[in-house]
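Just the heavy atoms: all of them, side chains too, but no hydrogens, waters or symmetry mates, feed the values below. No experiment lies behind these values; they were computed from the predicted model shown.
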Amino acid sequence: FVLQARAILAYSFYARPGSDSSVTRDRLRGRFLVITSRDDRLVSAGPSLAFARRMDLDTLVVRSPCGHGVFACEAQTIGALLDNFLRGDA
């Protein structure tokens, strides 16, 4: 578990050599919705939200006592918002 957590925290496709915001943004296709929980104690929301800001992506920040399990605990709420996003209503 510890090695897996370290690998997740260390990985960043954005930090590849020679990449920058404009190059990365030009490679993105379609709409993106970054979903995160501020209450996650396993993975910090900060880097994904910073990336979303730099790339001008839509975000959904869910507050939940479930932390890292937010997608299971808040499935109905997230599902409804995701449905709206995919329909273009968000």
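- Note on residues 37-52: pairs passing salt bridge (Lys or Arg N to Asp or Glu O under 4.0 Å), not counting sequence neighbours, are Asp39-Arg63.
- From Thr59, atom OG1 reaches atom CZ of Arg53 across 8.5 Å, with rounding to the nearest 0.5 Å.
- For residues 45-74, every residue pair satisfying the disulfide bond (SG atoms under 2.5 Å apart) rule, not counting sequence neighbours, is listed here: Cys66-Cys73.
- A donor-acceptor pair under 3.5 Å is formed between the side chain of Ser37 and the backbone N or O of Val62.
- Here the closest heavy-atom approach between residue Gly88 and residue Arg31 is recorded as CA-NH1, 3.6 Å.
- Two different hydrophobic clusters hold Leu49 and Ile35 under the rule that ILVMFWY side chains link at heavy-atom gaps under 4.5 Å.
- In this structure, Leu86 is a member of the same hydrophobic cluster as Phe71, with clusters built from ILVMFWY side-chain heavy atoms closer than 4.5 Å.
- Taken together through direct or relayed side-chain contacts under 4.5 Å among Ile, Leu, Val, Met, Phe, Trp and Tyr, Leu81 and Val61 form parts of separate hydrophobic clusters.
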